[in-house]
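As a basis for the values below, the full set of heavy atoms in this structure was taken, side chains included, without hydrogen atoms, waters or symmetry mates. Nothing fancy with the numbering, it's 1 onward along the sequence.
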Amino acid sequence: MNDIVGQGEFRTALAAAFPDGPQAAAAPTGPEPLGYVLEIAGGQGELVLDSPSLAALAGHPDPLVATAGQVGGQLKVRAGAMWLVATVRTVRLARGQADQVIAAIDFIGEGEVERLTGHLHHFRRGVTAFPLPGAEVFAVTGADLEQVHAASGRAAIAIGTVHPTRDVRASLYVDSLLGKHFALLGSTGTGKSTAAALILHRLCRLAPQAHVVMIDPHGEYGAAFADEGALFDVSNLQMPYWLMNFEEHCEVLLTSAGPERQVDADILAKCLLAARGKSRLGQEIARLTVDAPIPYLLSDLTQILQQEMGKMDRAGDTAPYLRLKNKLDELKADPRYGFMFSGMLVADTMAAFVQRIFRFCGDGKPISIIDVSGVPSEITAVVVAVLSRMVFDFAIWSRAEPQRPILLVCEEAHRYVPAGREERTAVGRILGRIAKEGRKYGVSLGLVTQRPSDLAEGVLSQCGTIISMRLNNERDQAFVRAAMPEGARGFLDALPALRNREAIVCGEGVAIPIRVAFDTLEEGKRPASDDPVFSALWREGGGEEQIVARTIQRWRGQGR
């Protein structure tokens, strides 16, 4: 690096090195170059930037031009009739040259050079031809960035502004965002829930006949979508128990472990198949399976268990049957499980349930908010598994029908597909399968989590678009770095320094990796996820006895 030119000699040295001027002749005459290409290696390269030239732009009215050369910013290089756009990954001082810096870059796309003005237009991702060393480097302007992010006829939703501008809109390409899944990541308090609500509101506005299912573990989103969706919780979900497949029945009914669990599972499979076969619908199916969503009576299952138990000769052999019977009696007696194991849910309501939950008769309310905060923790994962599997199974069995794509959004996703244990539970397996195969059948998956490092790596790697807000934990940052594509590496060091309601977005859903400041969402459309204001609430007093009494009453009645 000792032969890099010094201050005042940059243009002279460049002209001397390239006397025929093929690169300089192609450059526009308006803006001054900031440096030149030093080295190209695949989709990466190194630039020599002139520090005085960068400093002279600090007061430029265009914020993009004023921050040219900074880490995470964009620069452009001329290659024939194309402008190549690159993201700055690292910047360091040139050895022995205090007025020059070396910038490592990642090329992210190219656009045509407009003949009259020399501006960039018709941008597209990927690079077809790379510049030669010596090609001049220029600042990307706000007008260039507008061309980069222009939707160009593609369905898109605007979610905010591109940093550091105030007027260049940041958009997500809907088909690419949903067609290849997406993940929204961010530490607690960064505005993650509000960002999720913003994206879903914009999707619902764009497509009033959409089909969106949102798993809400904390009851935050109901108020945010009161006018654009339907809220389902334990009071009105009415999810029939017989919709569970055999695997999900096992997670709910089996209490044993080790070799005993396999014995219990074999008994349950035999009795469950017999119970399904006793119903009228079951008798009409020639080859009935234990997984078929055929209504059956819990009393029939209990009766069949007792009959099988009566066939045993030794009292010790009855233990598996007693375990299953006792668990069934417990579920029927516990009012917390009434939303699923009520005796009123034995009728064949599958068609009505699918239409309600998947919003096939949505009347302009395209999103279902499934509030599972009131579901007993023992079966929360099973409820999510049933809903997720029904989304996927419906998509598979409706392939002969006009396609109706469904978006499944899972808040606190690390609960359901935890790293290293995703294959051990029904919900982990079905969400993993949706991540891998869902797009083939028109099922899109949206994962929202505050702990990406606790999320199964194989599931996150299937997300084509990653929206990462501030991450304070180094392990989470490293996990996201591994999932981000090369072109976004220049932004990653900014992850701990992002402000609230800011995110780095990369992948299929955006034209290029960008830092976004999210739009402000109207008060009535925000989720109920605001942090308590301790300094104000701790000044209030009075009525504590009534608060405690009412709380205990709801506590003992489990919300009833």
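Among residues two or more places apart in sequence or in another chain, the salt bridge (Lys or Arg N to Asp or Glu O under 4.0 Å) test is passed with D264 by R323. The side-chain contact (heavy atoms from CB on, under 4.5 Å) check on P405 picks up Q403, with sequence neighbours excluded.
No salt bridge links K365 with D363; every basic N to acidic carboxylate O contact stays at or beyond 4.0 Å. Under 4.0 Å is where a charged nitrogen must lie from a carboxylate oxygen, and between K327 and E330 at least one such pair does. Remark: R205 does not engage E228 in a salt bridge, criterion side-chain N to carboxylate O under 4.0 Å. Between D348 and R280, none of the side-chain N atoms (NZ, or NE/NH1/NH2) sits under 4.0 Å from a carboxylate O, so this pair counts as no salt bridge. A salt bridge does not link D266 with K270: none of the charged nitrogens is closer than 4.0 Å to a carboxylate oxygen.
Within the structure, salt bridge (Lys or Arg N to Asp or Glu O under 4.0 Å) contacts touching residues 467-476 (residues at least two apart or in different chains) are R451-D476, D454-R475. Residue pairs that meet the ring pair (Phe, Tyr, Trp, His ring centres under 6.0 Å) test with at least one member in residues 178-205, sequence neighbours left out, are H201-F225. Residue pairs that meet the ring pair (Phe, Tyr, Trp, His ring centres under 6.0 Å) test with at least one member in residues 516-548, sequence neighbours left out, are F534-W538. Applying the ring pair (Phe, Tyr, Trp, His ring centres under 6.0 Å) test to residues at least two apart or on different chains, none of the pairs has a partner in residues 362-383.
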Exercise. Where do M344 and Q238 land on the side chain to side chain contact (heavy atoms under 4.5 Å, CB included) test, with the steps shown first?
Worked result: CA-CA 9 Å; M344 304 297 292; Q238 296 180 329; over 6 Å; no
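With 3.5 Å as the limit, one finds no donor-acceptor pair spanning the side chains of D291 and T289.
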